[in-house]
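Data block below; observations after.
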2 protein chains.
Amino acid sequence: MKKKDEYRIVEKELTRFLQANGLRKTPERYAILKEIYCHHGHFNVEALYDSMIRKKYRVSKATVYNTIEILIACGLVRRHHFDESQAYYEKSYFDSQHDHLLLDEGEVIEFCDPRIELIKKELEKTNGVEIYRHSLLFYGRKKNNHS
Amino acid sequence: MKKKDEYRIVEKELTRFLQANGLRKTPERYAILKEIYCHHGHFNVEALYDSMIRKKYRVSKATVYNTIEILIACGLVRRHHFDESQAYYEKSYFDSQHDHLLLDEGEVIEFCDPRIELIKKELEKTNGVEIYRHSLLFYGRKKNNHS
DNA sequence: TTCATTGCAAAGCGTTTGCAGTCAC
DNA sequence: GTGACTGCAAACGCTTTGCAATGAA
């Protein structure tokens, strides 16, 4: 699907969410959504903010933080905590849930393993709980082939 | 095993590590190790620091942070990032690796599932990498039985 | 008109750093 | 005696908050 078509869909989704929750449809919110869906991969607030400023779109970081919270609430963005200090985000509407393998070299490999779902189901049954989210991270490095 | 016997063992382990790496055997380092191994469960730096101050042991937070880094390096302590903002720690010498299920109610349930190891092995083979660590967190809440 | 939202700057909070003084070796 | 380590306070980096001005409804 083209970026433009994707945006048309998520834009509608945001409108629906804002209306349903009595929130205002401000231009900043749509601009931030557009910026996020124009790119791919993971980003942090700094990068998103810089990218918009570079395009001469005047936003404040406070608004970026605030808007991302809304986008997470309506399922258009996912948040990750790869390293300890800062949050990373990615658009989530057209991708299915996946986990990450982080390499020391900087590369991020996404994967999806059905066994996670099995572990989750078992934990739910064993502990009488309802699990609504999980985070699985593997940390590794490229293998030295001649060793 | 008694707390005292446990401490005697990890104390030796720390001494070995400090000597092997040309680091000094300062009283603060042993005091912090002792404080950690006197308790069980997860703790953050604030709690550890407060606990030592309450016992009239004079330490600085800088030293606590510095020492924990050493204890992690020699395998006596593990670090977790349960929530976004702050790190939690736990003693690790006598426990095997395990993962966590965090409940909204505040409870932390530890579990261990062999399938994680299988996923890890598969990822290593598929991507030609060596995985040295992982973090798996499930987030849930107690189930409402009459629903 | 009204009040949710914005931008800005200041505050918060866990963690790290700089540095003079201390103490393990 | 020497330099690794300590305590203290200031700096840091990301995020949140307070507040006056703005603009969506």
Side-chain angles (χ1 to χ4, degrees), chain A residues 11 14-35 42-74 77-89, chain B residues 11 14-36 42-74 77-90:
Chain A
E11 181 188 32
L14 176 58
T15 300
R16 195 196 53 71
F17 182 87
L18 293 176
Q19 263 162 358
N21 291 276
L23 299 168
R24 288 186 179 169
K25 300 190 274 298
T26 68
E28 287 83 1
R29 287 173 178 168
Y30 288 97
I32 291 167
L33 178 65
K34 191 171 214 165
E35 187 62 35
H42 305 97
F43 61 90
N44 56 25
V45 166
E46 191 67 25
L48 175 57
Y49 172 78
D50 286 350
S51 172
M52 296 187 75
I53 293 297
R54 235 180 291 116
K55 291 182 184 168
K56 308 290 179 206
Y57 194 98
R58 215 167 147 288
V59 245
S60 70
K61 273 191 194 165
T63 300
V64 174
Y65 276 107
N66 167 40
T67 300
I68 283 184
E69 225 55 50
I70 292 173
L71 297 178
I72 290 172
C74 67
V77 167
R78 262 196 290 266
R79 188 197 332 253
H80 299 291
H81 291 280
F82 293 148
D83 76 6
E84 38 294 332
S85 52
Q86 120 185 247
Y88 282 83
Y89 305 87
Chain B
E11 181 187 32
L14 176 57
T15 299
R16 196 195 54 68
F17 182 87
L18 293 175
Q19 264 162 358
N21 291 278
L23 300 168
R24 290 186 179 170
K25 300 189 275 298
T26 68
E28 288 82 2
R29 287 171 178 170
Y30 288 97
I32 291 168
L33 178 65
K34 190 171 215 167
E35 187 62 34
I36 291 174
H42 305 98
F43 61 91
N44 57 23
V45 166
E46 190 66 25
L48 175 56
Y49 173 77
D50 286 351
S51 171
M52 296 188 76
I53 293 296
R54 235 179 291 116
K55 292 180 183 170
K56 307 293 179 202
Y57 195 99
R58 213 166 149 289
V59 246
S60 71
K61 273 191 195 165
T63 300
V64 173
Y65 276 107
N66 167 40
T67 300
I68 282 184
E69 225 53 51
I70 292 172
L71 296 179
I72 289 172
C74 67
V77 167
R78 264 196 292 264
R79 189 196 333 252
H80 299 291
H81 290 280
F82 293 148
D83 75 7
E84 38 293 334
S85 53
Q86 118 186 249
Y88 281 82
Y89 304 88
E90 64 181 339

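Letters go in sequence order (proteins before strands), and every chain restarts at 1. Only heavy atoms go into these numbers, but all of them, side chains included; no hydrogens, no water, no symmetry mates.
With C/dT6, D/dT6, D/dT15 as the choices, the nucleotide that has an atom nearest any side-chain atom of A/Q86 turns out to be D/dT15.
Residue A/L18 is the one, among A/L18 and B/A87, whose nearest nucleotide of DNA chain C lies closer to the 5' end (criterion: closest heavy atom). Mapping B/H81 and A/I70 onto DNA chain C via the closest heavy atom, the residue that lands nearer the 5' end is A/I70.
At a threshold of 4.5 Å between non-hydrogen side-chain atoms, the residues B/L14 and B/I70 count as touching. Side-chain contact between B/Y30 and B/L18 is present, with at least one heavy-atom pair separated by less than 4.5 Å.
Taking atom CG of residue B/N21 and atom C1' of nucleotide D/dC5, one finds them 16 Å apart after rounding to whole Å. Across the protein-nucleic acid pair, A/E46 atom CD and D/dC14 atom C1' stand 9 Å apart, rounded to whole Å. Distance, B/I53 CD1 to D/dG7 C1': 11 Å, rounded to whole Å. Summarising the geometry, the separation between NZ on A/K61 and C1' on D/dT17 is reported as 16 Å, rounded to the nearest angstrom. Atom CD1 of A/I32 and atom C1' of C/dT6 are 10 Å apart (whole Å). Counting to the nearest Å, the P atom of D/dA24 and the OH atom of A/Y30 are 12 Å from each other.
To the nearest 0.5 Å, atoms SG (B/C74) and CG (B/L33) are separated by 8.0 Å. Taken from CE in B/M52 to OG1 in B/T63, the straight-line distance is 9.5 Å, to the nearest 0.5 Å. Residue A/T67 holds its OG1 atom at 11.0 Å from CD1 of A/I72, rounded to the nearest 0.5 Å.
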Which letters describe nucleotides 17-25 of chain C, given B = protein heavy atom under 4.0 Å from base, S = only from sugar-phosphate, - = neither?
B-----BBS
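Panel note: side chain A/N66, backbone A/A62; no donor-acceptor pair is recorded below 3.5 Å. The backbone N or O of A/A47 lies less than 3.5 Å from no partner atom in the side chain of A/S51, so there is not a single donor-acceptor pair. Of the possible polar contacts, none joining the A/R79 side chain to the A/I68 backbone as a donor-acceptor pair under 3.5 Å is found.
Distances shown here put a side-chain N or O of B/Y65 below 4.0 Å from the OP1 or OP2 atom of C/dT15. At least one side-chain nitrogen or oxygen of A/R29 sits closer than 4.0 Å to the OP1 or OP2 atom of C/dT5. Side-chain N/O atoms of A/R79 include none lying less than 4.0 angstrom from OP1 or OP2 on D/dT15. Checking the phosphate oxygens (OP1, OP2) of D/dT6, no side-chain nitrogen or oxygen of B/S60 falls inside 4.0 Å.
Here B/N66 lies in heavy-atom contact (under 4.0 Å) with sugar-phosphate atoms only.
Helix bend of the helix from C/dT1-D/dA25 to C/dC25-D/dG1: the angle between its two end axes, each built from five pairs, comes to 30° after rounding to 10°.
For the salt bridge (Lys or Arg N to Asp or Glu O under 4.0 Å) criterion with A/E35, the lone passing option out of A/K55, A/R54, A/R29 is A/K55.
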